[in-house]
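Reviewing the structure listed below.
Each chain gets a letter, A, B and so on, in the order the sequences are listed, and its residues count up from 1.
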Amino acid sequence: MSKLILIDGNSIAFRAFFALPLLSNSSGLHTNAVFGFTTMLLRLMDEQKPTHFLVAFDAGKVTFRHSEYKEYKGGRAKTPPELSEQFPLIRELLKAFSIPQYELAGYEADDIIGTLTRMADDQGMEVIVVSGDKDMLQLASDNVKIAITRKGISEVDLYDKNEIKEKYGLSPLQIIDLKGLMGDKSDNIPGVPGVGEKTAIKLLQEYGSVEEVLAHVGEITGKMGEKIAEHADNARMSKSLATIFREVPLEQTLEQLQYDGYDGQAVATLFRKLEFRSLIDKMDLSGGVSDELDAEQESLTWATAALKPDPAIDFEISLTDLVAALPKVQAIHVESIGDNPNAAELIGLSFYSEAQTFYLPVSLLLSNEATEIRKWLADDKIPKKLYDLHRSEIVMGWKGIEIKGVKSCILLAAYLLDPTETSHTLHSICSKYGVSGIRADEDIYGKGAKFILPQQAALSEHLCRKANVIYQLADILEKELEKNEMSQLYHDLELPLSTVLASMELKGIKVNKDELKKLGEQLAIKLDELIIQIHQHAGGEFNINSPKQMGEILFDRLKLPVYKKTKTGYSTNVEVLEWLESKHDIVKHILLYRQLAKLQSTYVEGLLKEIKPATGKIHTYFKQTIAATGRLSSQFPNLQNIPVRLEEGRKIRKVFVPHQTGWSILAADYSQIELRVLAHISQDENMMEAFHTNLDIHTKTAMDVFGVEASAVDSNMRRQAKAVNFGIVYGISDYGLSQNLDITRADAAKFIEQYFAVFQGVRRYMDDIVKQARQDGFVTTMLKRRRYLTDIAHSNFNLRSFAERTAMNTPIQGTAADIIKLAMVQMDERLRQEKLASRMLLQVHDELVFEVPLEEMEIMQRIVPEVMEHALELSVPMKVDVNSGASWYEAK
DNA sequence: GGTCTCACG
DNA sequence: ACGTACGTGAGACCC
């Protein structure tokens with residue numbers, strides 16, 4: 001039997017657009033509505049298996065309904081440009097799927113669908129109408145079902161005649177009368193004021209139709225009757241507007257809507273352009289690319305890579321043959337399992353050459369017979385390409401094996417090309433750049449509890465394929481980097497940095513475990529006392545760690561005033577608690593409890609878990625390919641957020657000590673690196689002058705903003721000026737500043753205005769960078785690091801404002817990151833040159849931490865600031881403060 | 001897995 | 001009219 005699917009194209013596009021976050025591909029094209037539309041199509045095809053198909057669109061702005069009622073659809077918000085630009089893509093999508101599409105001037109999609117529904121119904125065809133608009137329910141019949149999207153587009157409610165009866169107690173045609181009485185805000189159809197769905201249904205169940213209701217209006221008592229009588233004309237017109245016109249003069253015949261499926265190649269090509277990776281995988285289109293490339297595919301910059309034939313894979317190769325094959329190897333892959341590289345299990349290596357590709361399990365790699373292979377890996381003069389140099393060096397480093405001569409790291413390159421990309425797995429990079437030939441790790445290994453290593457043959461094939469695509473991707477990505485002028489950043493900074501980081505992480509930092517345990521015991525005593533006191537004040541026991549229970553105690557039981565709410569209930573954060581502190585004695589105990597509980601769980605217990613028993617050290621992992629600004633982040637554990645602001649927490653730093661007795665910890669931090677960077681980038685005369693004369697920048701800001709002498713700046717003025725400076729770096733807004741300083745928005749705005757009056761170069765920079773971001777779609781740092789800002793021209797104020805602040809902040813934060821990274825690479829080099837035993841241990845965004853033997857203390861005190869201050873020359877001097885002591889705590 | 005809270009620069 | 005400061009990671013709770 002034939003089955004016809006009719007889609008209301010505009011309605012589904014709108015639904016998809018508002019249901020999904022604003023996705024966009026790497027060229028800044030928004031794709032969320034297209035994506036939603038696509039998933040809808042795929043599901044319909046899969047579940048319904050239609051024999052006939054059509055997507056109808058509204059044509060133009062004016063329809064016959066406007067001549068009837070010119071306010072029809074008036075007051076509707078304009079279609080956001082982010083959606084408008086997607087309509088051509090949706091048309092393209094339908095073309096790729098070979099699905100007929102149709103529109104007709106003067107008519108809406110509803111009318112086209114209504115007409116076709118009538119025609120199909122007459123022929124006894126089964127029909128499914130898909131829309132987000134409940135008006136469509138009027139089309140239901142024995143053969144016609146209506147699918148209405150629910151909760152965005154992920155689910156639909158399928159209505160047939162009976163279900164409409166069940167849900168509304170009305171026949172399909174009475175849906176029109178329902179609209180006539182209750183109106184429709186979104187189409188600006190008035191209906192009868194005061195009549196909602198409930199009342200309308202009651203009336204229709206009693207009288208049957210709008211006309212009958214009006215005829216019996218005398219019987220309807222009270223206000224309701226008057227209202228209906230008064231708005232009788234409205235009701236009639238509304239009904240007429242809501243009626244779908246089913247006699248559209250169509251050129252399309254039902255036969256023309258026959259659907260015979262689609263060409264996978266055309267769809268795959270479009271999906272690649274749109275970067276619908278998950279869909280490409282789902283449809284298994286990625287593996288199917290064969291030798292013949294169609295013209296369209298050729299237009300993709302990197303599609304040719306897909307031409308590469310499958311590698312010849314040898315997993316039964318002898319070690320002797322393998323060594324003989326090494327000179328031709330161009331790419332390798334180091335496979336390891338586990339999130340934490342310092343605890344990951346090394347599985348094996350694969351090697352790619354044009355002639356053959358082979359796999360070497362870890363057991364063989366570590367055998368005596370593999371010396372030649374390890375030598376090859378450690379040979380700096382043999383160029384290699386791989387994916388994730390940083391992780392590979394750590395994993396191999398734990399086995400005592402070095403990798404040198406790496407000229408390409410796919411992960412690093414992909415990150416630099418777009419640091420905001422959510423995933424940089426080898427598989428996702430392949431999809432993005434049109435390289436086929438590997439499956440996702442998850443496909444091979446499963447995930448979570450289901451994780452399992454496959455048989456040797458399957459494992460070997462998967463890893464060999466990885467080495468193969470690494471080889472293919474290297475060229476593609478490096479050409480892109482070259483285009484973006486990022487080659488130097490990649491080769492001279494980020495790649496060497498990977499090695500520097502790996503060596504820091506492998507060394508680790510010594511932790512005084514006994515001291516840490518002692519701290520934990522002291523905390524436990526205080527926490528126990530606090531728990532008792534808090535429960536007493538509360539008049540009963542509850543879990544203080546549960547924000548939900550805490551909220552109930554404070555606001556329901558103790559009836560404290562509610563200051564702020566979260567999405568799910570009462571907010572109980574520090575800001576709220578500090579506001580409540582004077583109102584109840586329990587609050588100060590809670591505040592102290594929170595502070596100490598954080599120390600106990602995150603820092604005492606958390607750090608204890610990370611100490612390697614054999615060495616007493618902690619080995620963090622600095623992620624090099626996560627932060628959108630170019631900063632590093634630290635994991636397993638995070639050593640970039642060890643407490644410092646409050647003394648109780650700061651004591652945690654006492655447990656970070658040198659790994660040998662007689663050594664010291666040396667910490668060096670940049671003073672005001674971000675504001676110095678801002679002074680340089682903006683070339684603001686006043687600010688540059690301040691740094692040249694080595695003034696305290698916050699005091700200087702206070703002097704200028706308040707118009708007073710240095711001697712007249714009190715601590716409060718300096719504090720406010722400091723907050724303004726922070727705000728400037730973050731991309732200032734009066735609202736943000738007002739929150740931070742707890743002042744009115746108007747006062748905050750005045751501050752900012754005064755600030756810009758004296759720092760005019762800064763104002764110019766802020767204006768220019770936003771303009772430039774709008775023009776280019778991205779911003780850059782001094783070293784050409786790039787961040788795309790897809791929302792910079794968004795119609796939504798919040799999204800656009802956020803993008804604008806990001807445009808202001810990223811060049812500053814990112815350049816600061818560039819500078820300290822440069823300093824790290826140079827410092828590593830310098831330590832080697834000077835043959836020093838001192839070791840670099842940690843980086844905390846503007847601070848480097850070293851351990852230093854006594855005899856090197858003097859030279860390190862000199863060298864470290866020298867290297868850091870001159871890592872990159874700016875038009876203002878850099879300033880670095882150096883401190884040393886027995887632990888990180890003392891090095892302040 | 002999402003939410004809240006809080007630690008750092 | 002809109003209603004956030006920029007960038008991270010981790011622990012606890014709760015569904």
Side-chain angles (χ1 to χ4, degrees), chain A residues 77 339 419-420 448 542-551 564-577 590-591 593-607 609-610 620-623 626-646 648-650 652-653 669-674 678 723-741 745 748 752 779 787 794-814 816-817 820 842-848:
Chain A
D339 287 338
T420 51
F542 69 102
N543 185 347
I544 309 172
N545 290 327
S546 161
K548 194 171 160 230
Q549 294 183 34
M550 166 92 69
K564 212 168 84 177
K565 296 198 107 184
T566 66
K567 243 189 283 181
T568 51
Y570 304 116
S571 172
T572 65
N573 67 16
V574 189
E575 191 195 334
V576 174
L577 293 177
I590 293 174
L591 277 164
Y593 173 88
R594 277 263 175 92
Q595 191 196 332
L596 301 185
K598 176 84 178 176
L599 293 178
Q600 184 75 302
S601 64
T602 305
Y603 295 104
V604 175
E605 290 163 7
L607 289 178
K609 270 186 245 164
E610 299 288 348
T620 188
Y621 172 63
F622 290 105
K623 287 219 260 184
I626 280 293
T629 53
R631 274 191 176 183
L632 301 175
S633 74
S634 158
Q635 256 187 327
F636 317 125
N638 183 353
L639 292 187
Q640 288 183 321
N641 70 346
I642 303 301
V644 70
R645 287 168 197 172
L646 301 173
E648 292 94 324
R650 194 171 194 149
I652 297 282
R653 295 187 171 220
D669 67 295
Y670 284 104
S671 159
Q672 306 299 347
I673 185 168
E674 292 188 338
L678 174 60
V724 173
N725 279 329
F726 267 100
I728 291 292
V729 169
Y730 291 155
I732 197 138
S733 73
D734 48 12
Y735 181 81
L737 184 66
S738 73
Q739 291 293 300
N740 193 285
L741 282 179
R745 219 177 117 174
I752 295 169
V779 290
R787 177 175 184 177
H794 202 284
S795 57
N796 178 305
F797 174 87
N798 281 329
L799 294 177
R800 186 176 64 250
S801 302
F802 183 68
E804 288 171 356
R805 291 195 298 275
T806 310
M808 300 183 228
N809 171 265
T810 294
I812 302 172
Q813 193 183 119
I820 194 165
L842 301 175
Q843 187 251 46
V844 193
H845 309 308
D846 65 353
E847 174 185 13
L848 293 177

Pick base, sugar-phosphate or nothing for Arg650(A), based on heavy-atom distances below 4.0 Å to the nucleic acid. nothing
Reckon Ser733(A) touches a base, only the sugar-phosphate, or nothing at all at heavy-atom distances under 4.0 Å? base
Hey, does Asn796(A) reach any base, or is it just sugar-phosphate, or nothing, if we go heavy atoms under 4.0 Å? nothing
Using a 5.5 Å cut-off between ring centres and planes within 30 degrees, is Phe797(A) stacked on the base of dC2(C)? no
Side chain of Thr566(A) only, heavy atoms from C-beta on: which candidate in dC8(B), dC4(B), dC6(B) is closest? dC4(B)
Taking only N and O in the side chain of Asn543(A), is any of them less than 4.0 Å away from OP1 or OP2 of dC13(C)? yes
Side-chain N or O of Thr602(A) less than 4.0 angstrom from OP1 or OP2 on dA10(C)? no
Does Arg645(A) have a side-chain nitrogen or oxygen under 4.0 Å from the phosphate oxygens OP1 or OP2 of dC8(B)? yes
Gln549(A), nearest nucleotide to its side chain (from dC6(C), dC14(C), dG3(C)): dC14(C)
Candidate nucleotides dA5(C), dA10(C), dT8(C), ranked by approach to the side chain of Phe726(A) - the nearest: dA5(C)
Regarding Val729(A), tell me which of base, sugar-phosphate or nothing describes its non-hydrogen contacts under 4.0 Å with the strands shown. nothing
When all nucleic acid strands are considered with a 4.0 Å heavy-atom cut-off, which category describes Gly727(A): base, sugar-phosphate, or nothing? base
Measure from the side chain of Asn545(A), starting at C-beta and using heavy atoms only, and say which of dA12(C), dG9(B), dA5(C) lies closest. dA12(C)
So what does Ala817(A) hit on the nucleic acid, given a heavy-atom distance under 4.0 Å: a base, only sugar-phosphate, or nothing? nothing
Shortest side-chain distance from Thr572(A), nucleotide among dA12(C), dT5(B), dG9(C): dT5(B)
At less than 4.0 Å, is any side-chain N or O atom of Asn798(A) found next to OP1 or OP2 of dG3(C)? Yes or no. yes
Looking at dC2(C), I'd like to know if its phosphate oxygens (OP1 or OP2) sit under 4.0 Å from a side-chain N or O belonging to Arg800(A). no
At less than 3.5 Å, do the side-chain atoms of Lys598(A) and the base atoms of dC6(B) form a donor-acceptor pair? yes
Does a nitrogen or oxygen in the side chain of Gln595(A) sit under 4.0 Å from OP1 or OP2 of dT5(B)? no
Of the options dG3(C), dC6(C), dC14(C), whose atoms approach the side-chain atoms of Gln813(A) most closely? dC6(C)
Side-chain N or O of Arg805(A) versus OP1/OP2 of dC6(C): is the shortest distance under 4.0 Å? yes
With hydrogens left out and only the distance checked, is there a donor-acceptor pair under 3.5 Å joining Arg594(A)'s side chain and the base of dT5(B)? no
Can you tell me which nucleotide in dA7(B), dC6(C), dC6(B) comes closest to the side chain of Phe802(A)? dC6(C)
Nearest-nucleotide pick for Glu605(A), side chain only, options being dA5(C), dC4(B), dA12(C): dA12(C)
Using the P atom on both, measure dT4(C) against dT5(B) and round to a whole Å. 15 Å
Would you indicate which nucleotide in dC4(B), dA5(C), dG7(C) comes nearest to any side-chain atom of His845(A)? dG7(C)
When all nucleic acid strands are considered with a 4.0 Å heavy-atom cut-off, which category describes Ile642(A): base, sugar-phosphate, or nothing? sugar-phosphate
If you go through the side-chain atoms of Gln640(A), does one of them form a donor-acceptor pair with the base of dC8(B) closer than 3.5 Å? no
Complementary nucleotide of dG11(C), counting Watson-Crick and G-U pairs under 3.5 Å: dC4(B)
How long is the line joining CD of Gln843(A) and P of dG7(C), in whole Å? 17 Å
Are any of Thr810(A)'s side-chain N or O atoms less than 4.0 Å away from OP1 or OP2 of dG7(C)? no
Heavy atoms only, 4.0 Å cut-off, all strands: where does Ala723(A) land among base, sugar-phosphate and nothing? base
Per atom distances to the Asn638(A) side chain, the nearest of dA10(C), dT3(B), dC8(B) is dA10(C)
Verify the neighbour count for atom CZ of Phe542(A): are there more than 12 heavy atoms of other residues, nucleotides or ligands below 6.0 Å? yes
